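Read the structure below first, then the notes.
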Amino acid sequence: MEKFSLQPGEHLLINDAHALWMKGAMMAIQGQLKLTEKRIVFEKNANPLAGILSLFLKNQRQHVLHDIPLSSITNYSTVTFGKSERLVIDNGVS
C-alpha cells in the first residue's frame, strides 16, 4: 500500500483534495482524486482516529486504492445524487 507518486515524465493535471469514492450505494471513502495525462488515481486519506494503530495497520494509512490507466477507460458518465454529482468510470473490470 503505497502513497501516490508521479511516474517519470508524468504531470499532475488535477488534484481534488476533497473527493469521495463510493464503495457501494452508501459507504463513502474520503480521499484525493488525481488526474495525470496517463492515469486517474484515487488515494485514500489516512484514518484520523487510528492514531498509533496506523503504525501497525497499513490500511489505516494514506494509500492508493485505485490506479486506472486512461487507456483502459471504456466509458464514463456523471450521475446526480442529491446536491452532488458522481463521476462513474467504466474500465471494463467488474
Side-chain angles (χ1 to χ4, degrees):
M1 295 183 183
E2 296 182 17
K3 289 186 176 182
F4 172 79
S5 62
L6 290 171
Q7 298 170 350
E10 188 176 37
H11 300 92
L12 187 61
L13 304 174
I14 296 175
N15 182 20
D16 184 350
H18 304 287
L20 295 173
W21 170 56
M22 297 306 297
K23 184 178 180 180
M26 299 301 287
M27 186 175 174
I29 309 284
Q30 294 183 352
Q32 302 171 37
L33 188 67
K34 300 169 186 303
L35 176 68
T36 72
E37 65 275 322
K38 298 178 182 180
R39 59 195 173 129
I40 188 166
V41 176
F42 182 82
E43 184 175 36
K44 176 190 171 292
N45 288 344
N47 184 342
L49 303 176
I52 198 161
L53 286 176
S54 64
L55 295 173
F56 306 104
L57 302 172
K58 290 182 180 181
N59 66 343
Q60 298 300 310
R61 299 179 202 157
Q62 181 176 353
H63 63 276
V64 172
L65 277 182
H66 299 285
D67 189 336
I68 304 170
L70 295 181
S71 61
S72 72
I73 295 176
T74 58
N75 194 13
Y76 69 93
S77 61
T78 56
V79 177
T80 302
F81 189 80
K83 293 183 179 181
S84 64
E85 199 169 68
R86 293 181 179 176
L87 175 64
V88 180
I89 298 172
D90 182 3
N91 65 344
V93 177
S94 297

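Since this is a predicted model, take the numbers as computed values, not measurements. Only this structure's heavy atoms are used, side chains among them; waters, hydrogens and symmetry mates stay out. Sequence positions, counted from 1, serve as the residue numbers for this chain.
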**Asked** Same cluster or not: are Leu87 and Leu20 linked, directly or through other Ile, Leu, Val, Met, Phe, Trp or Tyr residues, by side-chain heavy atoms under 4.5 angstrom apart?
**Response** no
**Message:** Measuring from atom CG of Asp16 to atom CG of Leu35, what distance do you get when rounded to the nearest 0.5 angstrom?
**Reply:** 11.0 Å
**Fill in**
Rounded to the nearest 0.5 Å, the CG atom of Asn91 sits from the OG1 atom of Thr74 at a distance of 7.0 Å
**Message:** For the NZ atom of Lys38 and the CD atom of Gln7, what is their distance to the nearest 0.5 Å?
**Reply:** 6.0 Å
**Side-chain heavy-atom pair Gln32, Asn15 within 4.5 angstrom cut-off** = yes
**Item:** Side-chain heavy atoms of Leu6 within contact of His11, under 4.5 Å
**Value:** no
**Item:** Rounded distance [0.5 Å steps], CD1 in Ile89 versus CG in Asn75
**Value:** 10.5 Å
**Prompt:** Minimum heavy-atom separation for Val41 to Asp67, with atom names?
**Reply:** CG2-OD1, 3.8 Å
**Prompt:** Of all residues at least two apart in sequence or in a different chain, which pass the side-chain contact (heavy atoms from CB on, under 4.5 Å) check with Leu65?
**Reply:** Trp21, Ile29, Phe42, Lys44, His63
**Message:** With a sphere of 6.0 Å drawn around CD of Gln30, does it hold more than 12 non-hydrogen atoms of other residues, nucleotides or ligands?
**Reply:** no
**Trace of the side chain to side chain contact (heavy atoms under 4.5 Å, CB included) decision for Val64 with Glu2** = CA-CA 6 Å; Val64 172; Glu2 296 182 17; 5.8 Å; no
**Other ILVMFWY residues reachable from Val88 by side-chain steps of under 4.5 Å** = Val79
**Request:** Decide yes or no for Leu33 and Ile40: does some side-chain heavy atom of the first lie under 4.5 Å from some side-chain heavy atom of the second?
**Result:** yes
